[in-house]
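These numbers come from a predicted model, not from an experiment. In what follows, every chain begins at residue 1, and chains take the letters A, B, ... in the order their sequences are listed.
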Amino acid sequence: MSVRDDKDSLKRTPLYDLHLSLGGKMVPFAGYDMPVQYPAGVLKEHLHTRNSAGLFDVSHMGQIALRPKSGKVEDAARALERLVPQDIVAIAPGRQRYAQFTNADGGILDDLMVANFGDHLFLVVNAACKAEDEAHLRAHLSDTCVVDSLADRALIALQGPKAESALTKSCAAAPAMKFMDAGPHIVAGLACFVSRSGYTGEDGFEISVPAADAGHLTKTLLENPDVMPIGLGARDSLRLEAGLCLYGHDIDTATTPVEAALEWSVQKSRRSGGARAGGFPGAEKILAHFDHGASRRRVGLRTEGRAPVREGALLFAGSEGGEPIGRVTSGGFGPSLNAPVAMGYVPTRLSALDTKLFAEVRGQRLPLAVAAMPFVKNTYKR
Amino acid sequence: MTTTLYTSDHEWLAIDGDVATVGITDYAQSQLGDVVFVELPKVGRSLKKAEAAAVVESVKAASDVYAPISGEVVETNDALAAEPALVNSDAQTKAWFFKMKIADKSELGGLMDEAAYKAHTA
(Lines give C-alpha, C1' and ligand atoms only; values in the text may rest on other atoms or scores of the structure.)
Protein backbone atom coordinates (compact mmCIF):
# COMPACT_ATOMS: atom_id res chain seq x y z
CA MET A 1 0.00 0.00 0.00
CA SER A 2 1.40 3.37 -0.94
CA VAL A 3 1.00 6.72 0.75
CA ARG A 4 -0.99 7.92 -2.23
CA ASP A 5 -3.63 5.25 -1.60
CA ASP A 6 -4.00 6.57 1.94
CA LYS A 7 -4.38 10.10 0.69
CA ASP A 8 -6.95 9.03 -1.89
CA SER A 9 -9.14 7.48 0.78
CA LEU A 10 -9.34 10.78 2.66
CA LYS A 11 -12.57 12.74 2.51
CA ARG A 12 -12.62 16.34 1.37
CA THR A 13 -14.65 19.25 2.69
CA PRO A 14 -16.55 21.50 0.26
CA LEU A 15 -13.67 24.00 0.65
CA TYR A 16 -10.91 21.60 -0.45
CA ASP A 17 -10.20 23.35 -3.76
CA LEU A 18 -10.16 26.73 -2.05
CA HIS A 19 -7.58 25.45 0.48
CA LEU A 20 -5.34 24.37 -2.40
CA SER A 21 -5.74 27.71 -4.18
CA LEU A 22 -4.82 29.51 -0.93
CA GLY A 23 -1.63 27.43 -0.66
CA GLY A 24 -2.84 25.26 2.21
CA LYS A 25 -0.50 22.48 3.31
CA MET A 26 -2.84 19.50 3.42
CA VAL A 27 -2.57 16.72 6.01
CA PRO A 28 -4.82 13.83 7.08
CA PHE A 29 -7.00 14.68 10.08
CA ALA A 30 -9.94 12.59 11.34
CA GLY A 31 -10.28 10.97 7.93
CA TYR A 32 -10.23 14.30 6.05
CA ASP A 33 -7.58 16.00 3.96
CA MET A 34 -7.32 19.28 5.85
CA PRO A 35 -5.08 22.38 5.78
CA VAL A 36 -2.65 22.31 8.73
CA GLN A 37 -1.36 25.74 7.71
CA TYR A 38 -1.28 28.26 4.87
CA PRO A 39 1.83 30.07 3.59
CA ALA A 40 1.73 32.56 6.51
CA GLY A 41 2.55 29.70 8.91
CA VAL A 42 1.18 28.61 12.28
CA LEU A 43 2.75 31.45 14.30
CA LYS A 44 1.41 34.30 12.15
CA GLU A 45 -1.96 32.60 11.73
CA HIS A 46 -2.29 32.21 15.48
CA LEU A 47 -1.36 35.83 16.23
CA HIS A 48 -3.56 37.15 13.41
CA THR A 49 -6.56 35.39 14.95
CA ARG A 50 -5.84 36.97 18.36
CA ASN A 51 -5.28 40.42 16.83
CA SER A 52 -7.71 40.55 13.92
CA ALA A 53 -9.85 37.72 12.52
CA GLY A 54 -9.15 34.15 11.42
CA LEU A 55 -11.32 31.98 9.19
CA PHE A 56 -11.31 28.21 9.80
CA ASP A 57 -12.85 25.41 7.76
CA VAL A 58 -14.36 23.05 10.34
CA SER A 59 -16.66 21.30 7.88
CA HIS A 60 -15.23 17.94 8.95
CA MET A 61 -17.20 18.26 12.17
CA GLY A 62 -20.58 16.56 12.39
CA GLN A 63 -23.78 18.60 12.23
CA ILE A 64 -26.92 16.84 13.40
CA ALA A 65 -30.54 17.94 13.74
CA LEU A 66 -32.40 16.17 16.55
CA ARG A 67 -36.08 16.50 15.62
CA PRO A 68 -38.80 15.58 18.14
CA LYS A 69 -41.51 13.38 16.62
CA SER A 70 -44.05 15.26 18.76
CA GLY A 71 -42.97 18.58 17.27
CA LYS A 72 -42.18 19.86 20.77
CA VAL A 73 -38.51 20.74 21.30
CA GLU A 74 -38.84 19.95 25.03
CA ASP A 75 -39.33 16.31 24.08
CA ALA A 76 -36.06 16.27 22.16
CA ALA A 77 -34.37 18.04 25.09
CA ARG A 78 -35.68 15.51 27.60
CA ALA A 79 -34.61 12.66 25.32
CA LEU A 80 -31.07 14.05 24.89
CA GLU A 81 -30.77 14.39 28.67
CA ARG A 82 -30.73 10.55 28.76
CA LEU A 83 -27.30 10.69 27.04
CA VAL A 84 -25.61 13.79 28.51
CA PRO A 85 -25.19 15.16 32.07
CA GLN A 86 -26.22 18.67 30.99
CA ASP A 87 -29.52 20.48 31.53
CA ILE A 88 -30.80 20.53 27.94
CA VAL A 89 -34.40 21.41 28.85
CA ALA A 90 -33.20 24.77 30.19
CA ILE A 91 -31.53 25.82 26.93
CA ALA A 92 -33.73 28.69 25.74
CA PRO A 93 -34.67 28.99 22.07
CA GLY A 94 -31.79 30.70 20.26
CA ARG A 95 -29.22 29.56 22.84
CA GLN A 96 -26.45 26.96 22.82
CA ARG A 97 -24.66 24.93 25.51
CA TYR A 98 -21.52 22.78 25.76
CA ALA A 99 -22.19 19.12 26.57
CA GLN A 100 -20.65 15.64 26.67
CA PHE A 101 -21.96 12.22 25.70
CA THR A 102 -21.02 9.94 28.61
CA ASN A 103 -20.67 6.17 28.79
CA ALA A 104 -21.75 3.69 31.49
CA ASP A 105 -18.37 4.08 33.24
CA GLY A 106 -18.78 7.86 33.45
CA GLY A 107 -16.22 8.42 30.67
CA ILE A 108 -16.70 10.82 27.78
CA LEU A 109 -17.67 9.44 24.36
CA ASP A 110 -17.50 12.86 22.72
CA ASP A 111 -18.01 16.53 23.55
CA LEU A 112 -20.46 18.63 21.59
CA MET A 113 -22.47 21.82 21.26
CA VAL A 114 -26.26 21.68 21.61
CA ALA A 115 -28.42 24.57 20.35
CA ASN A 116 -32.16 25.06 20.69
CA PHE A 117 -33.52 26.08 17.29
CA GLY A 118 -37.12 26.41 18.50
CA ASP A 119 -38.60 23.27 16.96
CA HIS A 120 -35.52 21.02 17.09
CA LEU A 121 -32.04 20.75 18.59
CA PHE A 122 -28.92 21.40 16.49
CA LEU A 123 -25.80 19.47 17.51
CA VAL A 124 -22.17 19.93 16.46
CA VAL A 125 -19.92 16.94 17.25
CA ASN A 126 -16.29 16.00 16.61
CA ALA A 127 -15.30 14.70 13.18
CA ALA A 128 -13.63 11.53 14.47
CA CYS A 129 -16.71 10.61 16.54
CA LYS A 130 -19.58 11.67 14.29
CA ALA A 131 -20.52 8.24 12.90
CA GLU A 132 -20.55 6.71 16.40
CA ASP A 133 -22.43 9.72 17.80
CA GLU A 134 -25.17 9.42 15.19
CA ALA A 135 -25.47 5.66 15.79
CA HIS A 136 -25.60 6.33 19.55
CA LEU A 137 -28.38 8.91 19.12
CA ARG A 138 -30.35 6.60 16.82
CA ALA A 139 -29.95 3.62 19.14
CA HIS A 140 -31.22 5.46 22.20
CA LEU A 141 -33.49 8.28 21.02
CA SER A 142 -35.32 6.92 17.96
CA ASP A 143 -38.46 6.34 20.04
CA THR A 144 -38.98 10.09 20.36
CA CYS A 145 -36.68 11.76 17.85
CA VAL A 146 -35.55 11.70 14.25
CA VAL A 147 -31.75 11.92 14.02
CA ASP A 148 -31.07 13.95 10.90
CA SER A 149 -27.44 13.95 9.73
CA LEU A 150 -26.78 17.31 8.04
CA ALA A 151 -23.96 16.00 5.86
CA ASP A 152 -24.76 18.52 3.11
CA ARG A 153 -23.64 21.49 5.20
CA ALA A 154 -20.21 23.04 5.65
CA LEU A 155 -19.08 24.74 8.87
CA ILE A 156 -16.91 27.85 8.94
CA ALA A 157 -15.52 29.51 12.06
CA LEU A 158 -14.71 33.22 12.09
CA GLN A 159 -12.74 34.07 15.22
CA GLY A 160 -10.98 37.07 16.72
CA PRO A 161 -11.57 40.69 17.76
CA LYS A 162 -12.51 41.70 14.21
CA ALA A 163 -14.82 38.72 13.60
CA GLU A 164 -17.91 40.76 14.49
CA SER A 165 -17.14 43.62 12.11
CA ALA A 166 -16.15 41.16 9.37
CA LEU A 167 -19.35 39.14 9.68
CA THR A 168 -21.59 42.18 10.03
CA LYS A 169 -20.84 43.13 6.41
CA SER A 170 -22.64 39.91 5.38
CA CYS A 171 -24.99 39.41 8.34
CA ALA A 172 -26.73 42.41 9.91
CA ALA A 173 -27.86 40.30 12.88
CA ALA A 174 -24.31 39.49 14.01
CA PRO A 175 -23.62 42.44 16.38
CA ALA A 176 -26.74 41.80 18.47
CA MET A 177 -25.75 38.19 19.17
CA LYS A 178 -24.17 37.36 22.53
CA PHE A 179 -21.80 34.52 23.45
CA MET A 180 -23.58 31.18 22.91
CA ASP A 181 -26.51 32.67 21.01
CA ALA A 182 -27.35 30.39 18.07
CA GLY A 183 -29.95 30.28 15.36
CA PRO A 184 -30.84 30.58 11.68
CA HIS A 185 -29.60 33.79 10.04
CA ILE A 186 -29.10 35.03 6.49
CA VAL A 187 -25.39 35.46 5.74
CA ALA A 188 -24.38 36.85 2.33
CA GLY A 189 -27.88 36.02 1.16
CA LEU A 190 -27.58 32.38 2.21
CA ALA A 191 -29.69 30.42 4.71
CA CYS A 192 -27.15 29.75 7.47
CA PHE A 193 -27.10 28.72 11.13
CA VAL A 194 -24.92 31.11 13.11
CA SER A 195 -23.66 30.74 16.67
CA ARG A 196 -21.52 33.19 18.61
CA SER A 197 -18.97 30.67 19.84
CA GLY A 198 -15.77 28.96 18.82
CA TYR A 199 -12.68 27.09 19.85
CA THR A 200 -10.04 29.80 20.23
CA GLY A 201 -10.93 31.72 23.41
CA GLU A 202 -11.71 34.70 21.19
CA ASP A 203 -15.03 36.29 20.43
CA GLY A 204 -16.28 34.88 17.17
CA PHE A 205 -18.85 32.93 15.21
CA GLU A 206 -19.43 29.51 13.72
CA ILE A 207 -21.46 29.53 10.52
CA SER A 208 -23.20 26.45 9.13
CA VAL A 209 -23.82 26.92 5.42
CA PRO A 210 -25.18 24.63 2.66
CA ALA A 211 -22.17 22.81 1.17
CA ALA A 212 -22.85 24.14 -2.33
CA ASP A 213 -22.60 27.74 -1.09
CA ALA A 214 -19.61 27.31 1.24
CA GLY A 215 -17.04 28.44 -1.31
CA HIS A 216 -18.98 31.61 -2.11
CA LEU A 217 -19.44 32.51 1.55
CA THR A 218 -15.80 31.81 2.40
CA LYS A 219 -14.49 33.89 -0.51
CA THR A 220 -16.83 36.72 0.48
CA LEU A 221 -15.51 36.71 4.06
CA LEU A 222 -11.88 36.47 2.88
CA GLU A 223 -12.30 39.58 0.69
CA ASN A 224 -12.04 41.55 3.93
CA PRO A 225 -8.33 42.32 4.54
CA ASP A 226 -8.85 41.75 8.29
CA VAL A 227 -9.68 38.09 7.64
CA MET A 228 -6.96 35.47 7.08
CA PRO A 229 -7.44 31.72 6.48
CA ILE A 230 -6.18 29.68 9.45
CA GLY A 231 -5.14 26.02 9.46
CA LEU A 232 -5.50 23.24 12.02
CA GLY A 233 -2.03 23.97 13.47
CA ALA A 234 -3.04 27.38 14.79
CA ARG A 235 -6.50 26.07 15.70
CA ASP A 236 -4.73 23.69 18.08
CA SER A 237 -2.37 26.29 19.61
CA LEU A 238 -5.29 28.73 20.02
CA ARG A 239 -7.52 26.23 21.80
CA LEU A 240 -4.62 25.09 23.98
CA GLU A 241 -3.95 28.67 25.14
CA ALA A 242 -7.69 28.96 25.79
CA GLY A 243 -7.52 25.86 28.01
CA LEU A 244 -10.10 24.04 25.87
CA CYS A 245 -10.12 20.24 25.69
CA LEU A 246 -9.32 18.30 22.53
CA TYR A 247 -11.36 15.11 22.41
CA GLY A 248 -9.24 11.94 22.25
CA HIS A 249 -6.38 13.76 23.97
CA ASP A 250 -7.52 15.76 27.02
CA ILE A 251 -10.81 13.93 27.43
CA ASP A 252 -11.80 10.41 26.38
CA THR A 253 -13.74 7.35 27.51
CA ALA A 254 -11.45 7.01 30.55
CA THR A 255 -12.00 10.55 31.93
CA THR A 256 -15.13 11.75 33.72
CA PRO A 257 -16.33 15.35 33.37
CA VAL A 258 -15.23 15.96 36.98
CA GLU A 259 -11.73 14.58 36.43
CA ALA A 260 -11.57 16.74 33.28
CA ALA A 261 -12.35 19.87 35.35
CA LEU A 262 -15.56 20.38 33.36
CA GLU A 263 -17.84 20.65 36.43
CA TRP A 264 -18.94 24.08 35.20
CA SER A 265 -20.61 22.36 32.23
CA VAL A 266 -22.86 20.16 34.41
CA GLN A 267 -25.78 22.20 35.73
CA LYS A 268 -27.06 21.79 39.30
CA SER A 269 -30.37 20.35 38.05
CA ARG A 270 -28.54 17.18 36.93
CA ARG A 271 -26.37 16.81 40.05
CA SER A 272 -27.31 15.10 43.34
CA GLY A 273 -30.34 16.87 44.82
CA GLY A 274 -31.20 18.55 41.51
CA ALA A 275 -34.64 18.51 39.86
CA ARG A 276 -33.53 15.92 37.28
CA ALA A 277 -30.48 14.46 39.03
CA GLY A 278 -28.76 11.59 37.24
CA GLY A 279 -30.50 9.70 34.48
CA PHE A 280 -27.51 9.82 32.10
CA PRO A 281 -24.95 7.06 31.37
CA GLY A 282 -22.38 6.73 34.13
CA ALA A 283 -24.41 8.95 36.49
CA GLU A 284 -23.47 6.88 39.52
CA LYS A 285 -19.75 7.42 39.01
CA ILE A 286 -19.98 11.02 37.82
CA LEU A 287 -22.24 12.07 40.70
CA ALA A 288 -19.93 10.26 43.15
CA HIS A 289 -17.08 12.34 41.73
CA PHE A 290 -19.17 15.48 42.29
CA ASP A 291 -20.11 14.45 45.83
CA HIS A 292 -16.82 12.97 47.06
CA GLY A 293 -14.21 14.26 44.62
CA ALA A 294 -12.14 12.43 42.02
CA SER A 295 -8.61 11.18 42.64
CA ARG A 296 -7.12 12.98 39.63
CA ARG A 297 -7.74 16.21 37.79
CA ARG A 298 -6.94 17.96 34.52
CA VAL A 299 -4.77 21.01 35.16
CA GLY A 300 -2.89 23.65 33.21
CA LEU A 301 0.90 23.49 33.27
CA ARG A 302 3.51 26.19 32.65
CA THR A 303 7.23 25.51 32.31
CA GLU A 304 10.06 27.71 33.54
CA GLY A 305 12.17 27.34 30.40
CA ARG A 306 11.37 27.64 26.71
CA ALA A 307 11.38 23.92 25.87
CA PRO A 308 7.85 22.80 24.97
CA VAL A 309 6.48 19.84 26.92
CA ARG A 310 4.32 17.81 24.57
CA GLU A 311 1.54 15.23 24.72
CA GLY A 312 2.63 11.98 26.32
CA ALA A 313 5.34 13.47 28.55
CA LEU A 314 5.29 11.80 31.97
CA LEU A 315 4.90 13.97 35.07
CA PHE A 316 6.81 13.45 38.32
CA ALA A 317 6.57 14.97 41.80
CA GLY A 318 10.34 15.23 42.19
CA SER A 319 13.42 16.01 40.13
CA GLU A 320 14.77 12.45 40.50
CA GLY A 321 13.40 8.93 40.95
CA GLY A 322 9.85 8.04 41.89
CA GLU A 323 7.00 6.74 39.79
CA PRO A 324 5.19 8.99 37.29
CA ILE A 325 2.27 10.81 38.93
CA GLY A 326 0.56 11.86 35.71
CA ARG A 327 0.85 12.58 32.03
CA VAL A 328 0.65 15.56 29.67
CA THR A 329 -2.36 15.27 27.35
CA SER A 330 -1.78 18.40 25.23
CA GLY A 331 1.29 20.56 25.06
CA GLY A 332 3.15 22.88 22.79
CA PHE A 333 4.21 26.44 22.31
CA GLY A 334 1.73 29.24 22.94
CA PRO A 335 2.51 32.00 20.43
CA SER A 336 0.48 34.67 22.27
CA LEU A 337 2.27 33.89 25.54
CA ASN A 338 5.57 33.38 23.72
CA ALA A 339 6.07 30.43 26.04
CA PRO A 340 5.30 26.73 26.29
CA VAL A 341 1.89 25.68 27.60
CA ALA A 342 0.48 22.27 28.44
CA MET A 343 -2.33 20.49 30.18
CA GLY A 344 -2.45 17.07 31.76
CA TYR A 345 -3.79 14.90 34.55
CA VAL A 346 -2.30 14.89 38.04
CA PRO A 347 -3.43 13.48 41.41
CA THR A 348 -5.97 15.87 42.95
CA ARG A 349 -3.64 16.37 45.96
CA LEU A 350 -1.07 17.83 43.50
CA SER A 351 -3.56 19.91 41.50
CA ALA A 352 -3.43 23.17 43.48
CA LEU A 353 -2.23 26.25 41.60
CA ASP A 354 1.57 26.74 41.65
CA THR A 355 2.27 23.13 42.70
CA LYS A 356 5.80 22.38 41.47
CA LEU A 357 6.09 19.30 39.26
CA PHE A 358 8.52 17.90 36.71
CA ALA A 359 7.98 16.64 33.17
CA GLU A 360 10.33 14.13 31.58
CA VAL A 361 11.49 15.42 28.19
CA ARG A 362 14.25 13.53 26.33
CA GLY A 363 15.41 11.90 29.55
CA GLN A 364 15.57 15.13 31.55
CA ARG A 365 13.18 16.40 34.21
CA LEU A 366 12.03 19.91 33.37
CA PRO A 367 10.44 21.95 36.18
CA LEU A 368 6.87 23.14 35.66
CA ALA A 369 4.01 24.38 37.78
CA VAL A 370 0.25 23.94 37.88
CA ALA A 371 -1.21 27.08 36.31
CA ALA A 372 -4.67 28.60 35.89
CA MET A 373 -6.55 28.11 32.63
CA PRO A 374 -7.33 29.72 30.31
CA PHE A 375 -3.70 30.69 29.80
CA VAL A 376 -4.88 33.61 27.65
CA LYS A 377 -7.89 35.60 28.90
CA ASN A 378 -10.93 34.85 26.80
CA THR A 379 -12.80 37.69 25.11
CA TYR A 380 -16.27 36.23 24.76
CA LYS A 381 -19.03 38.81 24.28
CA ARG A 382 -21.34 37.90 27.14
CA MET B 1 38.55 27.76 2.06
CA THR B 2 35.47 26.01 3.42
CA THR B 3 33.48 23.28 1.71
CA THR B 4 29.78 22.81 2.42
CA LEU B 5 28.36 19.30 2.44
CA TYR B 6 24.83 18.02 3.07
CA THR B 7 23.08 14.96 4.56
CA SER B 8 19.92 13.27 3.38
CA ASP B 9 18.39 14.30 6.74
CA HIS B 10 18.77 17.98 5.76
CA GLU B 11 21.76 19.01 7.84
CA TRP B 12 24.58 21.08 6.34
CA LEU B 13 28.25 21.01 7.35
CA ALA B 14 30.77 23.70 6.57
CA ILE B 15 34.20 22.05 6.68
CA ASP B 16 37.15 24.24 7.69
CA GLY B 17 40.25 22.17 8.38
CA ASP B 18 39.50 19.80 11.29
CA VAL B 19 36.30 21.58 12.32
CA ALA B 20 32.80 21.16 10.88
CA THR B 21 30.08 23.74 11.54
CA VAL B 22 26.65 22.07 11.52
CA GLY B 23 23.15 23.44 10.93
CA ILE B 24 19.90 22.55 9.21
CA THR B 25 19.18 23.50 5.62
CA ASP B 26 16.88 26.19 4.36
CA TYR B 27 14.71 23.41 2.92
CA ALA B 28 14.48 21.80 6.39
CA GLN B 29 13.42 25.05 8.09
CA SER B 30 10.78 25.65 5.42
CA GLN B 31 9.32 22.22 6.16
CA LEU B 32 9.42 22.72 9.95
CA GLY B 33 7.74 26.10 10.00
CA ASP B 34 8.19 28.67 12.75
CA VAL B 35 10.99 27.52 15.07
CA VAL B 36 10.31 28.35 18.73
CA PHE B 37 13.01 26.40 20.58
CA VAL B 38 16.41 24.85 19.87
CA GLU B 39 18.19 22.46 22.21
CA LEU B 40 21.94 22.20 21.58
CA PRO B 41 24.47 19.57 22.70
CA LYS B 42 26.90 20.42 25.49
CA VAL B 43 30.41 21.51 24.54
CA GLY B 44 32.75 18.57 25.03
CA ARG B 45 30.14 15.95 24.18
CA SER B 46 31.44 13.22 21.92
CA LEU B 47 28.94 12.54 19.14
CA LYS B 48 28.70 9.42 17.02
CA LYS B 49 27.56 9.74 13.44
CA ALA B 50 23.72 9.56 13.14
CA GLU B 51 23.24 10.12 16.89
CA ALA B 52 20.53 12.63 17.93
CA ALA B 53 22.60 15.73 18.71
CA ALA B 54 20.14 18.62 18.90
CA VAL B 55 16.40 19.26 18.86
CA VAL B 56 14.54 21.89 16.90
CA GLU B 57 10.92 22.60 17.84
CA SER B 58 8.20 24.38 15.91
CA VAL B 59 4.81 25.36 17.36
CA LYS B 60 3.49 21.95 16.36
CA ALA B 61 6.31 19.42 16.72
CA ALA B 62 9.81 18.51 17.88
CA SER B 63 12.42 17.20 15.41
CA ASP B 64 15.82 15.67 16.07
CA VAL B 65 18.95 16.97 14.42
CA TYR B 66 21.47 14.16 13.89
CA ALA B 67 25.23 14.31 14.06
CA PRO B 68 26.20 14.11 10.37
CA ILE B 69 29.62 12.71 11.30
CA SER B 70 31.42 11.61 14.48
CA GLY B 71 33.35 14.09 16.58
CA GLU B 72 33.52 16.23 19.70
CA VAL B 73 31.36 19.34 20.13
CA VAL B 74 33.72 22.32 20.49
CA GLU B 75 31.29 25.28 20.31
CA THR B 76 27.52 25.90 20.25
CA ASN B 77 25.55 28.86 18.92
CA ASP B 78 24.14 30.59 21.99
CA ALA B 79 22.28 33.09 19.77
CA LEU B 80 19.71 30.37 19.00
CA ALA B 81 18.59 30.18 22.63
CA ALA B 82 17.65 33.85 22.60
CA GLU B 83 16.34 33.93 19.05
CA PRO B 84 15.20 30.52 17.73
CA ALA B 85 13.56 32.25 14.75
CA LEU B 86 17.05 32.77 13.30
CA VAL B 87 16.68 29.19 12.08
CA ASN B 88 13.87 30.38 9.80
CA SER B 89 15.50 33.61 8.63
CA ASP B 90 19.17 32.53 8.34
CA ALA B 91 19.26 28.72 8.37
CA GLN B 92 22.51 28.34 6.47
CA THR B 93 24.42 31.31 7.89
CA LYS B 94 23.76 32.86 11.32
CA ALA B 95 21.68 29.91 12.58
CA TRP B 96 24.47 27.33 12.77
CA PHE B 97 23.84 24.86 15.63
CA PHE B 98 27.25 23.61 16.75
CA LYS B 99 30.85 23.12 15.69
CA MET B 100 32.52 19.74 16.00
CA LYS B 101 36.09 18.46 15.75
CA ILE B 102 36.03 15.92 12.94
CA ALA B 103 36.97 12.48 14.29
CA ASP B 104 37.24 10.62 11.00
CA LYS B 105 37.56 12.53 7.73
CA SER B 106 36.62 9.41 5.76
CA GLU B 107 33.01 9.89 6.99
CA LEU B 108 32.80 13.03 4.84
CA GLY B 109 32.90 10.83 1.76
CA GLY B 110 29.33 9.69 2.34
CA LEU B 111 27.88 13.20 2.26
CA MET B 112 26.36 15.16 -0.63
CA ASP B 113 27.65 18.26 -2.35
CA GLU B 114 25.27 21.14 -3.09
CA ALA B 115 24.25 19.82 -6.52
CA ALA B 116 23.47 16.37 -5.12
CA TYR B 117 21.49 17.88 -2.22
CA LYS B 118 19.48 20.06 -4.61
CA ALA B 119 18.60 16.96 -6.60
CA HIS B 120 17.69 15.19 -3.34
CA THR B 121 15.15 17.86 -2.37
CA ALA B 122 13.84 18.55 -5.87
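No more than 12 heavy atoms of other residues, nucleotides or ligands lie within 6.0 Å of CD in B/E114, so this atom counts as exposed by the packing criterion. Within a 6.0 Å sphere centred on NZ of A/K44, other residues, nucleotides and ligands contribute 12 heavy atoms or fewer. When the shell of 6.0 Å around NZ of B/K101 is examined, it contains 12 or fewer heavy atoms from other residues, nucleotides or ligands.
Salt bridge status for A/R362 with B/E57: present, with a side-chain N to carboxylate O gap under 4.0 Å.
Considering every non-hydrogen atom in both A/G41 and B/D34, the closest pair reads C-OD2, 3.8 Å. In terms of heavy atoms, A/F333 sits closest to B/V36 at CD2-CG1, 3.4 Å.
Proximity to chain A involves both the backbone and the side chain of B/A62, based on heavy atoms less than 4.5 angstrom apart. With a 4.5 Å cut-off on non-hydrogen atoms, B/V55 touches chain A through its side chain but not through its backbone. Both the backbone and the side chain of A/R306 come within contact range of chain B, judged by heavy atoms closer than 4.5 Å.
Listed options A/S237, A/G305, A/A307, A/A234 were ranked by heavy-atom pairs under 4.5 angstrom with chain B; first place goes to A/A307.
Note that NZ of B/K60 is 13.5 Å distant from CG of A/L43, once rounded to the nearest 0.5 Å.
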